[in-house]
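All residue numbers in this chain count up from 1 along the given sequence. The structure displayed is predicted, hence computed values, not measured ones.
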Amino acid sequence: YIGSKTKLLEIIKDEIIKYTKLPKGSIFCDIFAGTGGVGDFFQDNFKIIANDNLYFSYCINKAKLCRNKCDFKTLGFNPFEYFNNYDTSKYDNGYCYNTFSPKANRQYFSEENAKHIDFIRDCISKWYSDGKITLVEHDYLIGCLIESLSKVANVAGVYAAFLHIWDSRAIKKMEFIEVETTNVPRFENEVFNIDSNELIKKINGDVLYLD
């Protein structure tokens, strides 16, 4: 079954209940986690160990499964309010603006949104290098940025090519939003970005989900 497992989650849950009697807080291992739909669904009852070899998937999983560890106390303000109210119209030295916008004769993102993406990405890196946010908070914000930019990308589902006519969503101003989740973390979830063949030697659990 290729793609999102959203429609299969209740079936997977029923099978686990059918064959096991695991208490809450048991460990659910999802070592090919993708964009974290399965781990997010089960984190209400299980401690989740998630892994994916792709860094963007790792960040999305970190955002979904470890958001309870993000309070931004050291930063001292709400990053979502900050990014959504900052004027980035003159921020034109960034990678996205100069590579994936009409500035570079490409239409993945509008110039306005490309500047906004660059500003947010650069701020996240600087805040982390300056010790203003933790690694978990850094990864969480990266995951949120990936979620946010996907809402305004001028593509047909994947980034192999851009649309030559602007989609209506792509010309809207990007809003920096939190990653959408079904459940909130209830246990100390762990997220990895390593080869699953190495990870499987280091972890223990009660359910191993391979997809």
Side-chain angles (χ1 to χ4, degrees), residues 2-4 6 32-37 40 50 52-67 70 72 74-181 191 193:
I2 298 173
S4 171
T6 301
F32 307 123
T35 54
D40 176 31
D52 202 280
N53 207 33
L54 293 176
Y55 182 67
F56 90 91
S57 292
Y58 161 81
C59 289
I60 292 174
N61 277 276
K62 203 76 171 287
K64 291 182 176 181
L65 302 175
C66 301
R67 61 192 304 170
C70 301
F72 300 103
T74 303
L75 184 63
F77 55 83
N78 185 317
F80 294 90
E81 293 179 1
Y82 176 79
F83 287 140
N84 284 325
N85 289 288
Y86 197 96
D87 180 8
T88 58
S89 60
K90 296 181 180 180
Y91 200 82
D92 59 5
N93 292 320
Y95 177 75
C96 188
Y97 173 69
N98 287 289
T99 310
F100 298 112
S101 82
K103 168 70 174 178
N105 296 315
R106 305 172 91 184
Q107 293 185 182
Y108 286 97
F109 302 100
S110 69
E111 290 192 4
E112 177 187 29
N113 287 331
K115 292 176 182 179
H116 199 186
I117 292 166
D118 285 329
F119 177 75
I120 294 172
R121 184 64 183 89
D122 292 345
C123 270
I124 294 171
S125 291
K126 190 173 190 310
W127 287 348
Y128 179 62
S129 64
D130 290 347
K132 293 181 178 179
I133 57 175
T134 65
L135 179 59
V136 174
E137 291 169 339
H138 169 277
D139 295 341
Y140 171 74
L141 290 175
I142 296 296
C144 291
L145 178 58
I146 294 169
E147 181 92 351
S148 300
L149 66 83
S150 71
K151 306 295 184 184
V152 296
N154 194 46
V155 298
V158 296
Y159 292 82
F162 56 82
L163 300 175
H164 290 274
I165 298 175
W166 287 102
D167 189 281
S168 58
R169 72 178 184 276
I171 57 177
K172 295 178 180 178
K173 181 179 179 180
M174 188 187 79
E175 180 184 4
F176 188 60
I177 59 175
E178 294 190 63
V179 167
E180 297 174 359
T181 59
V191 182
N193 176 220

CG-SG distance between D130 and C123, expressed to the nearest 0.5 angstrom: 10.5 Å
Beyond-backbone contact of L145 with H116, side-chain heavy atoms, under 4.5 angstrom: no
Main-chain N/O of E147 paired with S150 side-chain donor or acceptor, under 3.5 Å: yes
Close aromatic pair by centroid cut-off 6.0 Å: Y140 and W127: no
From CA spacing to verdict: side chain to side chain contact (heavy atoms under 4.5 Å, CB included), Q107, L163: CA-CA 7 Å; Q107 293 185 182; L163 300 175; 5.9 Å; no
From E112 atom CD to S101 atom OG, the distance as rounded to the nearest 0.5 Å: 12.0 Å
Nearest heavy-atom neighbours spanning E178 and R67: OE1-NH2, 2.8 Å
CG/L135: more than 12 non-hydrogen atoms of other groups inside 6.0 Å: yes
Check against side chain to side chain contact (heavy atoms under 4.5 Å, CB included), I142 and R121: CA-CA 7 Å; I142 296 296; R121 184 64 183 89; 3.4 Å; yes
Working for side chain to side chain contact (heavy atoms under 4.5 Å, CB included), residues K103 and D92: CA-CA 10 Å; K103 168 70 174 178; D92 59 5; over 6 Å; no
Pair F162 and H164, ring centroids less than 6.0 Å apart: yes
For N98 against N93, the heavy-atom pair lying closest together: ND2-C, 3.5 Å
Nearest atoms (heavy-atom pairs only) where E137 meets K132: OE1-O, 4.5 Å
Interatomic spacing from CZ in F32 to CG in L54 - rounded to 0.5 Å: 12.0 Å
Any L75 side-chain heavy atom under 4.5 Å of Y82 side chain: no
Nearest-0.5 Å distance that lies between atom SG in C96 and atom OH in Y108: 11.0 Å
Check: F72 and N78 side chains under 4.5 Å, non-hydrogen atoms: no
cation_pi(K115, Y97) dist<6.0 Å, angle<=45: yes
Side chain N84, main chain E175, donor-acceptor under 3.5 Å: no
Separation between NE2 of H138 and OG of S125, rounded to the nearest 0.5 Å: 4.5 Å
Greater than 12 external heavy atoms within 6.0 Å of Y128's OH: no
Y86 and F83 aromatic centres sub-6.0 Å: no
Smallest separation among heavy atoms of A50 and N61, with atom names: CB-OD1, 3.9 Å
Shortest non-hydrogen contact from V152 toward F109: O-CD2, 4.1 Å
Whether N113 side chain and K172 backbone form a donor-acceptor pair below 3.5 Å: yes
Contact summary for I124 and I133, nearest pair of heavy atoms: O-CD1, 3.7 Å
Non-hydrogen side-chain atoms of F176 and L141 separated by less than 4.5 Å: yes
Heavy-atom donor-acceptor pair, D167 side chain to N154 backbone, under 3.5 Å: no
Side chain D40, main chain G36, donor-acceptor under 3.5 Å: no
Modelled atom types, side-chain donor and acceptor of D139 and Y58, under 3.5 Å: yes
